[in-house]
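Predicted model only: the values in this text are computed from it and were never measured.
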Amino acid sequence: QKLWMKLLIRKHTTRTVAARCEEKKRVEGAPRNICCRCGKTYFGPPPMCGICAQASRQEEERMRHLLRRAYQQGKVV
């Protein structure tokens, strides 16, 4: 009886997942942008895709850290 219940649950979840996939529809006319850094097409706000925006933020943080450290060591005035 436990095996029967497991099979019933599996069939039910498979059907609901399939039904949810069928309900999803592609949004026509969704705004697409081209990343100015990597050139990929993405859905989201301009000017950069999420990966490039995160990478540029990390680069800025790294540069600020390096400049701060150089100033503290007296290398940059």
Side-chain angles (χ1 to χ4, degrees):
Q1 201 172 25
K2 289 180 182 180
L3 179 63
W4 179 76
M5 287 299 283
K6 287 180 183 178
L7 291 173
L8 182 65
I9 291 170
R10 283 186 188 164
K11 284 184 181 179
H12 177 68
T13 55
T14 308
R15 286 182 189 157
T16 55
V17 170
R20 287 182 188 154
C21 290
E22 290 174 3
E23 288 176 4
K24 286 187 178 181
K25 294 180 182 176
R26 185 174 182 174
V27 178
E28 297 296 327
R32 285 189 279 177
N33 295 309
I34 298 174
C35 181
C36 64
R37 188 171 175 181
C38 66
K40 291 183 182 179
T41 303
Y42 69 97
F43 296 95
M48 289 186 281
C49 63
I51 296 169
C52 291
Q54 184 180 5
S56 67
R57 282 193 300 268
Q58 288 175 349
E59 288 173 3
E60 288 174 9
E61 289 174 10
R62 189 177 305 124
M63 188 57 122
R64 274 185 278 161
H65 175 73
L66 291 174
L67 285 173
R68 188 180 322 121
R69 201 171 89 196
Y71 179 77
Q72 288 173 351
Q73 292 177 355
K75 295 180 181 178
V76 177
V77 178

Kindly state each residue pair satisfying salt bridge (Lys or Arg N to Asp or Glu O under 4.0 Å) with at least one member in residues 45-72, sequence neighbours excluded.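 Qualifying pairs, neighbours excluded: Arg37-Glu59.
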I'd like to check Cys49 versus Lys40 (side-chain heavy atoms, cut-off strictly below 4.5 Å). Are they in contact? no
Tell me every residue that passes side-chain contact (heavy atoms from CB on, under 4.5 Å) with Pro46, counting only those two or more places apart in sequence or in another chain. Asn33, Tyr42
Determine the minimum heavy-atom distance between Met48 and Cys36, stating which atoms define it.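 Closest approach of Met48 to Cys36: CG-SG, 3.7 Å.
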Ignoring hydrogens, what is the shortest heavy-atom contact between Ser56 and Ala53? Give both atom names and the distance. OG-O, 2.8 Å
Apply the hydrophobic cluster definition, ILVMFWY joined by side-chain contacts under 4.5 Å directly or through others, and give me every member besides Ile51. none
